[in-house]
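Below, each value reflects all heavy atoms present in this structure, side chains not excepted, and no hydrogens, waters or symmetry copies. Just so it is clear: chains get the letters A, B, ... in the order the sequence lines come, proteins before strands, and each one is counted from 1.
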Amino acid sequence: MSEEKSLNFIEDIIEEDIKNGKYKSIVTRFPPEPNGYLHIGHAKAICLNFGLTKKYPGYTNLRFDDTNPVTEETEYVDSIKADIKWLGFEWKNERYTSDYFEQLYQLAVKLIEKGLAYVDDSTPDEIAEGKGTPTKAGIATPFRERSIEENLRLFKEMRDGKYKDGEKVLRAKVDMANPNMQMRDPLLYRIKHAHHHRTEDTWCIYPMYDFAHGQSDSIENITHSICTLEFVPHRPLYDWLIEKLEIFPSHQYEFARLNLTYTVMSKRKLLQLVNEKIVSGWDDPRMPTISAFRRRGYTPESIRNFCERVGVQKRENLIDLSLLEFFIREDLNKKALRRMAVLDPVKLVLTNYPEGKTEEMETENNPEDINASHRTIPFSRELWIEKEDFMEEPPKKFFRLGPGRAVRLKSAYIIQCTGFKKDDAGNIIEIQAEYLPESKSGHDNSGLKVKGTIHWLSIPHAKTAEIKLYNRLFKIEDPANAEGDFKKYINPDSLQVIPHAFIEPSLSTAKVGEYFQFIRKGYFCLDKDSSTDKLVFNRTVTLKDTWAKEKDK
RNA sequence: UGCCCGGUGGUGUAACGGUAGCACAACAGAUUUUGAUUCUGUUUGCCCAAGUUCGAAUCUUGGCCGGGCAACCA
């Protein structure tokens, strides 16, 4: 039975709007500022805005909110477009708020003509002072009563470059005593003699968010303008401007932004991590950016499923990283090709296996995918296995190798441990075992049942690679809201590099964008910084590890 | 202390006046040539109080708690 999927509150509103004939189709937009890379929180907004117009008739625009030339760059524009496409969405129109600078200017003139905006010569401090506090009404500046003619002239002069940065601003004339701080004559335009990434040096005045965002929504006939909760107090101003300007009545709706445990989600903080070289860049796989998740081996499907699961609502939330990990494991379990790799090797010698002999062992590429077929892996007398798969004095519940114990070598033979060697420091440097010829995988007549199966690599055939293991970037769940500088909570062990791990021969042709599961070790992908003579693999996520928990008991 | 928003298991999210459900996490067991996957089961919740009603997570009122708002940022 197909159960009714419940609607989120925005879908409720849209269904109502369509039902009562307010709209036949809808228009949404995703409005990033090109001043940083997109992160997983943006992915939620992208899935919401684009998802809505997949579900209901209509389309979604991509609009770069580029009203602050000093922080915005073309590099960010390009990364944002790449990330949205990778997530699997298509915008109808690619727009820039800067496309509307002339129209916006004319709207400002219209507001002045209506006596609803004025040029203020006050300093930033004086303006802040005049705004009052949340509990104390603001005080009007003397410039508030300038004539329309004078305001028109001064605003034109601002545009013409007659004034220096900060000398004058244009403000809306609303209500200095309004209990909503946003309504106390908000700034509309400021002077910035700065080079803009698109309009270059055409303008020296730039609209503020409040006089750009809503007006751009109207220009594009956005029916449902969806943003995050911090803009709720701006909505009365958004509506006031639409009313006074007599433009298309877009409506703003707000939802709670996504927060994830063990990371930070503000562009300012992420930029700090990049600038201070705490991470290698915006796409360092430890970052919560979309490009980092891509590089780390996350799939677009897993991120979309995650965004779908976390839902859309108005309450603050802090989502468990384990939920994201669940979705990537779920997706990769179906897709990833199984391969063998030994990260922390110790030598295993099969004393009764002929020297110089090699066999090709057949094994499945993905037991979850019947179309994934099989491959072969070379097997010989001397093998690499993981150090952690052998214990000198194993406890009862340890199902791996120990003196006298037997295990299955995955897709090969059952072996029984007959001895081991240590170096002077007491480290185990070699393990000896005998194999059971009649136990070969697929032709097993041994009648033996063993509890454990381990992975292995033939020493003469194995290739090497660098492997990078990532852990959470922060030591605590909510670094953004913890006391003091968030950087003091950075996890010093968030990156572990294994310079010389062993990988099976077939992995030497791995390509960026392919997904692998290194059996028993986790999901991995080839890093973009790999070269033909040096392969680098990133661990996307570990496998669930029940033994790790058991071990700790 | 002005205005605004919000409170459902550990974390998220449903319920639209009628049995509090789902996912993740946790725990227990079965299966397993990946201690993975899969399967089965278990634990844990409506912020409080009063009111309306045959019946309240849902409606009303009053509390309590959390968050936001005073950038020439968005």
Side-chain angles (χ1 to χ4, degrees), chain A residues 3 5-8 12 31-33 35 65 67-68 70-71 120 123-124 127-138 165-171 178-184 187-192 205-206 208-210 212-213 227-236 254 256 261 267-268 309-327 329-330 333-334 338 340 363-364 367-368 397-400 407-412 414 439 441-442 444 449-455 477 517-522 542-551:
Chain A
E3 70 228 53
K5 261 217 79 206
S6 57
L7 305 176
N8 64 50
D12 277 337
E33 184 188 10
N35 67 346
D65 223 338
T67 59
N68 186 4
V70 300
T71 58
D120 190 350
T123 65
I127 290 176
E129 181 70 29
K131 288 227 177 178
T133 69
T135 51
K136 203 180 88 208
D165 287 10
E167 240 180 286
K168 287 182 165 41
V169 290
L170 184 73
R171 297 178 71 177
N178 198 296
N180 179 351
M181 296 289 296
Q182 306 302 328
M183 298 297 270
R184 321 244 261 230
L187 274 61
L188 267 24
Y189 267 90
R190 77 290 217 192
I191 300 168
K192 272 184 198 279
I205 56 170
Y206 293 92
M208 300 284 292
Y209 170 85
D210 284 311
H213 198 99
C227 64
T228 42
L229 250 28
E230 66 268 29
F231 295 102
V232 170
H234 294 243
R235 180 155 28 92
E254 312 86 8
T261 55
K267 275 199 264 185
R268 205 196 95 251
R309 235 310 150 200
V310 300
V312 178
Q313 71 310 105
K314 296 183 83 143
R315 39 192 124 98
E316 300 289 343
N317 56 80
L318 178 60
I319 289 158
D320 242 299
L321 182 61
S322 61
L323 185 64
L324 217 209
E325 292 182 339
F326 165 79
F327 282 107
R329 287 190 184 111
E330 177 190 59
N333 179 47
K334 294 179 293 192
R338 309 298 127 119
M340 294 218 234
T363 187
E364 63 275 289
E368 304 292 322
K397 282 185 166 175
F398 187 79
F399 303 148
R400 308 173 190 179
V407 292
R408 158 81 60 185
L409 293 175
K410 170 76 181 168
S411 299
I414 292 174
S439 68
S441 191
D444 187 349
K449 277 277 177 202
V450 288
K451 195 82 174 142
T453 300
I454 64 174
H455 60 282
E477 284 200 333
Q517 183 199 100
F518 293 175
I519 290 205
R520 303 207 305 139
K521 297 270 73 174
T542 61
L543 257 29
K544 266 178 69 179
D545 191 350
T546 347
W547 167 244
K549 284 181 202 161
E550 185 66 33
K551 202 168 47 175

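Nucleotide U37(B) has no partner under the Watson-Crick or G-U criteria, as no pair reaches both atom distances under 3.5 Å. Both distances falling under 3.5 Å, in either a Watson-Crick or a G-U wobble arrangement, place C24(B) opposite G10(B). Of the nucleotides present, G2(B) is the one that pairs with C69(B) by Watson-Crick or G-U wobble criteria, both distances under 3.5 Å. Nucleotide U32(B): unpaired (no Watson-Crick or G-U wobble partner with both distances less than 3.5 Å). A 3.5 Å limit on both hydrogen-bonding distances identifies C54(B) as the Watson-Crick or G-U partner of G18(B). Checking G62(B) for Watson-Crick or G-U wobble geometry (two distances, each under 3.5 Å) identifies C48(B) as its partner.
Here the side chains of His213(A) and Thr67(A) are not in contact, with every heavy-atom distance at 4.5 Å or above.
Considering only side-chain atoms of Met181(A), the nucleotide from A71(B), C69(B), A26(B) that sits closest is C69(B). Set against A70(B), C72(B), G6(B), the side chain of Ile127(A) has C72(B) as its closest nucleotide. When distances are taken from the side chain of Met208(A) to each of A74(B), G2(B), G12(B), the shortest belongs to A74(B). The side chain of Gln182(A) approaches C69(B) more closely than any other nucleotide in the set C72(B), A74(B), C69(B). Among C69(B), C73(B), U13(B), the nucleotide with an atom closest to any side-chain atom of Arg190(A) is C73(B).
The separation between Arg184(A) atom CZ and A70(B) atom C1' is 7 Å, rounded to whole Å. Rounded to a whole Å, the NZ atom of Lys549(A) is 8 Å from the P atom of A25(B). One atom, CG of Asn68(A), and another, C1' of C72(B), lie 10 Å apart when rounded to the nearest Å. Nucleotide C22(B) holds its C1' atom 12 Å from the CG atom of Leu323(A), rounded to whole Å. Nucleotide G6(B) holds its C1' atom 16 Å from the CG atom of Leu318(A), rounded to whole Å. As rounded to whole Å, 11 Å separates atom C1' of C24(B) from atom CD1 of Ile319(A). Straight-line distance from the NE2 atom of His234(A) to the P atom of C3(B): 19 Å, rounded to whole Å. What separates CZ of Arg315(A) from P of G12(B) is a distance of 9 Å, to the nearest Å.
Annotation: the span from Lys449(A) atom NZ to Ile414(A) atom CD1 amounts to 8.5 Å, rounded to 0.5 Å. Here Met340(A) contributes atom CE and Thr363(A) contributes atom OG1; the two are 5.5 Å apart, rounded to the nearest 0.5 Å. Distance CE/Met208(A) to CG/Asn68(A): 8.5 Å, rounded to 0.5 Å. To the nearest 0.5 angstrom, Arg400(A) atom CZ is 11.0 Å from Thr453(A) atom OG1. Distance CZ/Arg190(A) to CD1/Ile205(A): 10.5 Å, rounded to 0.5 Å. Taken from CG in Asp120(A) to CG in Leu187(A), the straight-line distance is 7.5 Å, to the nearest 0.5 Å.
Among the protein residues, Asp210(A) comes within range of no part of the nucleic acid, since none of its heavy atoms lies under 4.0 Å from any strand. Within the nucleic acid shown, Lys334(A) has no heavy atom closer than 4.0 Å to any nucleic acid atom. Using a 4.0 Å heavy-atom criterion, one finds that Ile414(A) contacts no nucleic acid atom at all. Backbone-only engagement by Asp65(A) is indicated by non-hydrogen atom pairs under 4.0 Å involving sugar-phosphate atoms exclusively. Phe327(A) comes within 4.0 angstrom of nothing in the nucleic acid, heavy atoms only. Here Thr363(A) lies out of heavy-atom contact (under 4.0 Å) with every strand. Val232(A) comes within 4.0 angstrom of the backbone, heavy atoms only, and of no base.
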Salt bridge (Lys or Arg N to Asp or Glu O under 4.0 Å), that's the test. Do Glu364(A) and Lys410(A) meet it? Break it down for me. CA-CA 11 Å; Glu364(A) 63 275 289; Lys410(A) 170 76 181 168; 3.3 Å; yes

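Between Gly311(A) and Ala128(A), the residue anchored closer to the 5' end of RNA chain B is Gly311(A), taking for each the nucleotide with the nearest heavy atom.
Spacing between C69(B) and U53(B) at atom C1', rounded to whole Å, works out to 39 Å. U43(B) sits 15 Å from A28(B) when the P atoms are compared, rounded to a whole Å. Annotation: G67(B) and U40(B) have their P atoms spaced 41 Å apart (nearest Å). The C1' atoms of C64(B) and C47(B) are separated by 7 Å, rounded to the nearest whole Å. The gap from the C1' atom of C24(B) to that of G18(B) amounts to 30 Å, rounded to the nearest Å. Separating the C1' atom of G55(B) from that of A20(B) is a span of 15 Å, rounded to the nearest Å. With both ends at atom P, the span from G10(B) to G35(B) equals 33 Å, rounded to whole Å. When the P atom is used for both U44(B) and U11(B), the distance is 16 Å, rounded to whole Å.
Under 4.0 angstrom from either OP1 or OP2 of U11(B) there lies no side-chain N or O belonging to Ser322(A).
Asn317(A) places no side-chain N or O within donor-acceptor distance of the main-chain N or O of Ile319(A), the cut-off being under 3.5 Å.
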Counting primed atoms plus P, OP1 and OP2 as sugar-phosphate and everything else as base, spell out the protein contacts along nucleotides 32-38 of chain B at 4.0 Å heavy-atom distance: B, S or - for each nucleotide, 5' to 3'. -BBBBS-

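Pairing each heavy atom of Lys192(A) with each of Tyr206(A), the nearest pair is O-CE1, 3.3 Å.
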